[in-house]
Amino acid sequence: MSWRNIAQISENVYWVGIRDWNRKLFDALITLPHGTTYNAYLVIGNSKKALIDTVNPGFEKELEEKIKIVANPSKIDYIIMNHAEPDHAGAIPYMMAINKKAKLVTSNKGANMAQTFYKVPENRIIAIKDQETIDLGGRTLRFIEAPMLHWPETMFTYLEENKILFPCDFFGAHIANGLYDDEVDDLLVHVQRYFGEIMMPFRIMGQKAMEKISNLKIEMIAPSHGPIHRNTERILNAYRKWVNGKTKQKSIIVYATMWESTEKMIQPIVDILASEGIEIALHNLASADIGNIAKDLVDSKAIVLGAPTVLGGIHPLGVYATYLVKALRPPLKFGVILSSYGWGGGAIKHVQEILGQTKLEIVGAMEINGPPSETNIKQITELGKNLAKKIKEET
Ligand code: FEO
């Protein structure tokens, strides 16, 4: 595919986005093993044109060249900023500099951010209200406030005549491959990973947004990362489950081990949970990918955290995992903590301090000196049986 390639995705609607195959990290935190896209869309009405979202800094010229294939970039009337984060809004200063007449359309909060982040003059901003519309001549854009998906200012744009929803980050996926959802075999895995990393902390706001769009006729969902969804029911069904915290009979197990004592504590609980029919997602924190952990936190009912005590507290990788659970706010119901120490404990207390007030029911916590004895193994197996029972009974 040429770097100038664009795609008509519907009548008078063009994908003019960027495929960033080489990006490996997002927010200095999230790995991108499959790159990502910054999707921008051009809507051409009979009298006006609108660009929905822009692209990451560094790709401004490429965006301009792509737009030129179907329209004059200096004749675009509206630049829609659904979200102020630079991966979508970073090219706004460039686009507004080459086009002196375009107005920036964004939410009220977005208007402030556009001035702060991108120095857009106030007189070039239209602060749009929830459910307000703009007529492009035979193409009507409706704006739907959707705060915290993923920043406070976020909104969705709905193109009424084509029945396309442009929700920016929501429903997105970090994958550079494929224009449409049906072109990527394992798309839902990527979508779930993205949800875990970006949207899971905002599940309540996600529920509100899902309710808000439930009366729209949507034939296509065109997010700003990853493929465009033609099978809208598939992605909507997945999101309905995830925003409502619907979990599986599944336990995520994350652990760190220094001299294998903690690993020997993990093995019997893995065995008993598996033999009880509980789905297991096992991650050794020394080499685990944070995105995969986030993905498995989306639909796990329980977590088993194993880590040794180091210098009076839990091993730093255990701190990382515990903090991740606190920050991402997954719908976990049950927890088990397993730890081994050389000469002094403290890991369990440390985990509880990091978690603070939590709805997580700690089914059991064991701290032992050195490797587990036969008695310890039996105790851990009993703990695992108890956890499996809780997982199965929870609806
Ligand atoms: Fe893709 Fe929140 O930016």
Side-chain angles (χ1 to χ4, degrees), residues 15-41 51-60 62-63 79-95 104-107 109-114 116-118 143-157 165-178 181 187 190-206 208-209 221-229 235 239 242-243 290-291 294-295 298 327-329:
W15 173 84
V16 290
I18 303 296
R19 295 184 191 281
D20 194 349
W21 301 94
N22 296 320
R23 188 159 184 170
K24 297 291 174 224
L25 203 58
F26 210 92
D27 292 341
L29 180 70
I30 296 163
T31 59
L32 304 181
H34 305 279
T36 193
T37 64
Y38 317 114
N39 297 333
Y41 301 94
L51 177 66
I52 300 178
D53 291 322
T54 69
V55 297
N56 201 77
F59 294 99
E60 296 89 346
E62 192 173 340
L63 174 65
I79 297 173
I80 314 299
M81 187 180 81
N82 278 327
H83 179 19
E85 196 163 8
D87 50 328
H88 311 293
I92 283 173
Y94 181 90
M95 293 306 297
L104 187 78
V105 179
T106 186
S107 65
K109 285 194 171 122
N112 290 331
M113 286 183 168
T116 306
F117 282 69
Y118 305 111
F143 303 95
I144 301 159
E145 283 184 2
M148 299 314 301
L149 304 173
H150 142 239
W151 280 6
E153 82 298 351
T154 37
M155 64 178 196
F156 300 164
T157 299
L165 184 71
F166 300 92
C168 202
D169 278 344
F170 210 53
F171 303 121
H174 282 314
I175 178 168
N177 205 15
D181 52 351
L187 180 64
H190 299 286
V191 171
Q192 181 170 338
R193 179 183 164 107
Y194 182 90
F195 181 90
E197 292 164 338
I198 306 290
M199 294 297 162
M200 191 159 61
F202 309 115
R203 282 190 293 119
I204 304 297
M205 303 310 281
K208 288 182 181 161
I221 295 176
S224 290
H225 294 294
I228 295 162
H229 302 279
I235 182 74
Y239 259 62
W242 297 335
V243 297
I290 184 178
K295 172 181 76 62
V298 170
L328 292 179
R329 296 181 223 160

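Whatever order the structure lists them in is the order used to number ligands and atoms, beginning at 1.
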Sorted by chain and number, protein N/O/S atoms nearer to atom 2 (Fe) of ligand 1 than 2.8 Å are His83 NE2, Glu85 OE1, His150 ND1, Asp169 OD2
Run the ring-centre check on His88 versus Tyr38 and record whether the distance is less than 6.0 Å. no
Query raised in the report: Does the pair Glu60 and Val55 meet the rule for a side-chain contact (heavy atoms from CB on, under 4.5 Å), with working shown?
Result: CA-CA 7 Å; Glu60 296 89 346; Val55 297; 5.6 Å; no
**OP:** Kindly assign one of parallel, tilted or perpendicular to the pair Phe171 and Phe156, based on the angle between their ring planes and the thresholds 30° and 60°.
**Re:** tilted
What do the steps show when you test His174 against His34 for side-chain contact (heavy atoms from CB on, under 4.5 Å), and what is the final call?
CA-CA 7 Å; His174 282 314; His34 305 279; over 6 Å; no
request  = Please state whether the rings of Tyr194 and His225 are parallel, tilted or perpendicular, taking 30° and 60° as the class boundaries.
outcome  = tilted
Any Met155 side-chain heavy atom under 4.5 Å of Asn82 side chain:
yes
